[in-house]
**Student:** 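Below you will find the structure I want to go over with you.
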Amino acid sequence: MARILADTHDGLVGHPAKYRRMAPTVALTVALTLAMSGCAWLGAKERELVLRPSPGRPAAYADDTAGLHPGDQRYLIPVTATGDAASPGSGAGQLALWWLPHPDPAAPTLLYLHGTLRNLYENLPKIEAVRAAGFAVLAVDYRGWGDSTAIIPSEASINADVAQAWAELVKRQPDPSKRVIFGHSMGGAAAVSLASGLHRSLDYGGLVLESTFTRMPDVAASAGTLGRIGAAITSLKFESIDRIARVDAPLLIMHGQADKLVPVELGRRLRDAARPDVCWVEVPGGTHSGLHTEAKASYTEALRGLIGVLPPRLSGPEGRPWATGVCTTISAAPAAAQR
């Protein structure tokens, strides 16, 4: 929790540096008070501080066509209520989706799931890097971000929005072997949650994780003593470490060695808990949100490498080998998941 709020890339944009440095203490104070009081208002405040939703759009995108190529679409769909009235954000609303087709109509289609703070408008450079690597892209702003309904989101509301966006992608890409899920940071946790309930070739073809963690409390604990206190009491879990072994499709994980928000060690632990043959790309000097520019060539090569190993439709258990030089390492049998 502490480290999430202190990130130099996804930090409190527009606030002086001294307030960004104070953010971890503020979040932990709220969380401690929440733990002692059980107040619902403080629970919402914790989610707001940690997840940092950013509704609306930057002024540069006031024109609905700004940043779009011919054929691109931004549109809204109604949110389907989850039926769980006790879950924060379980009610209805609108979900903003971006459909960005690839010039090649045979290209695979990727569901883009962003992390905290930055909405799709601020993710556009990374989205375009993914599209340039060979994917059509369906991107979603969870409720609380961008043009979607402004709420204080929860883990449940994010996962519900991801599930609905996935249903939209399935409509657009009839070939399950060409459906790919991509998640950055917190979006990676949502991606693991989605993929862990799907089946290779029958539902999807591959998963990409960038700068993603084992579980949310581990990120907080990596920030030191105060972070470990926050880790013990936070209500936000995002338990990817417990789900990653159920991902049965080709898996690409990319992480920067200089990531100050999610230490690379958490990415390595997630890799080691997954099934074997994970393509691990570790970028020397790479940061949390800048891999697509800091290591442009290897970033593009890795994404194209995933396209090369997507399983044929309704294929057997044998997988295609990763191309030589794409991965820093290819994992062996998974280690026991350790927290």
Side-chain angles (χ1 to χ4, degrees), residues 61 64-77 95-115 118-142 145-148 161-184 187-188 190-191 194-195 198-210 247 249-252 254 279 291-293 296-297 299-315 320 323 326:
Y61 295 94
D64 285 340
T65 63
L68 297 181
H69 298 181
D72 292 355
Q73 303 173 36
R74 295 189 184 112
Y75 61 101
L76 298 170
I77 61 173
L95 205 58
L97 294 166
W98 293 12
W99 170 239
L100 311 177
H102 191 271
D104 180 1
T109 305
L110 177 146
L111 178 64
Y112 184 94
L113 305 175
H114 64 72
R118 291 175 173 170
N119 59 35
L120 289 181
Y121 293 100
E122 296 155 313
N123 271 264
L124 188 55
K126 189 180 292 293
I127 294 172
E128 288 293 2
V130 170
R131 175 156 61 169
F135 294 92
V137 178
L138 181 70
V140 59
D141 258 329
Y142 330 109
W145 283 266
D147 297 324
S148 294
D161 294 345
V162 167
Q164 188 158 352
W166 177 251
E168 190 75 8
L169 182 141
V170 168
K171 295 176 185 176
R172 291 186 175 274
Q173 177 53 265
D175 185 348
S177 67
K178 290 185 176 182
R179 299 172 190 154
V180 175
I181 307 166
F182 175 104
H184 174 255
L194 173 65
L198 302 176
H199 299 285
R200 172 181 180 267
S201 297
L202 295 176
D203 300 312
Y204 76 124
L207 173 64
V208 183
L209 303 177
E210 181 182 345
V247 173
L251 173 56
L252 166 64
M254 299 183 282
C279 179
L291 299 186
H292 61 288
T293 57
K296 182 177 180 180
Y299 191 89
T300 301
E301 184 181 29
L303 289 170
R304 289 178 177 169
L306 177 75
I307 294 174
V309 299
L310 291 178
R313 188 170 190 170
L314 302 179
S315 66
R320 298 176 178 178
V326 169

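Along the sequence shown, residues carry numbers from 1.
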**Student:** Between Tyr299 and Ala129, what is the shortest heavy-atom contact and its length?
**Tutor:** CE2-CB, 4.3 Å
**Student:** Determine whether a donor-acceptor pair (N or O, by modelled atom type, separation under 3.5 Å) exists between the side chain of Arg179 and the backbone of Leu169.
**Tutor:** no
**Student:** If you define the side chain from C-beta out and look only at heavy atoms, does anything of Phe182 sit under 4.5 Å from Val137?
**Tutor:** no
**Student:** Given side chains that start at C-beta, do those of Val140 and Gln164 come closer than 4.5 Å, heavy atoms only?
**Tutor:** no
**Student:** Output the distance between atom CZ (Arg131) and atom CG (Asp72), rounded to the nearest 0.5 Å.
**Tutor:** 4.0 Å
**Student:** Check Leu194, Leu198, Val180 against Tyr204 for a side chain to side chain contact (heavy atoms under 4.5 Å, CB included) and give me the one that passes.
**Tutor:** Leu198
**Student:** Just wondering, do Phe135 and Ile307 contact through their side chains at under 4.5 Å, heavy atoms?
**Tutor:** yes
**Student:** Tell me whether Glu122 contacts the main-chain N or O of Asn119 through its side chain, where contact means a donor paired with an acceptor under 3.5 Å.
**Tutor:** yes
**Student:** Please identify which of these residues, His184, Glu128, Lys126, meets the side-chain hydrogen bond (donor to acceptor under 3.5 Å, both in side chains) condition with His292.
**Tutor:** Lys126
**Student:** Where do Trp166 and Ile181 land on the side chain to side chain contact (heavy atoms under 4.5 Å, CB included) test, with the steps shown first?
**Tutor:** CA-CA 9 Å; Trp166 177 251; Ile181 307 166; 3.6 Å; yes
**Student:** Tell me whether Glu168 is salt-bridged to Lys171, with the criterion being a basic N under 4.0 Å from an acidic carboxylate O.
**Tutor:** yes
**Student:** Please find the pair of heavy atoms, one from Ala107 and one from Ala136, that lie closest to each other, and give the distance.
**Tutor:** CB-N, 4.3 Å
**Student:** Ignoring hydrogens and angles, tell me if any N or O in the side chain of Arg320 forms a donor-acceptor pair with the backbone of Pro311 under 3.5 Å.
**Tutor:** no
**Student:** Please tell me if the side chains of Pro176 and Asp203 come closer than 4.5 Å, counting only heavy atoms from C-beta onward.
**Tutor:** no
**Student:** Answer yes or no: is there a side-chain heavy-atom contact under 4.5 Å between Asp141 and His114?
**Tutor:** yes
**Student:** Angle class for the Tyr121/Trp98 ring planes (parallel below 30°, perpendicular above 60°, tilted otherwise)?
**Tutor:** perpendicular
**Student:** Compare all side-chain heavy atoms of Leu306 with those of Leu207 and state whether any distance is below 4.5 angstrom.
**Tutor:** no
**Student:** With a 4.5 Å cut-off on side-chain heavy atoms, are Cys279 and Val326 touching?
**Tutor:** yes
**Student:** Between the main-chain N or O of Ser177 and the side-chain N or O of Ser201, is there a donor-acceptor pair closer than 3.5 Å?
**Tutor:** no
**Student:** Step by step, work out the side chain to side chain contact (heavy atoms under 4.5 Å, CB included) result for Trp145 and Leu120.
**Tutor:** CA-CA 8 Å; Trp145 283 266; Leu120 289 181; over 6 Å; no
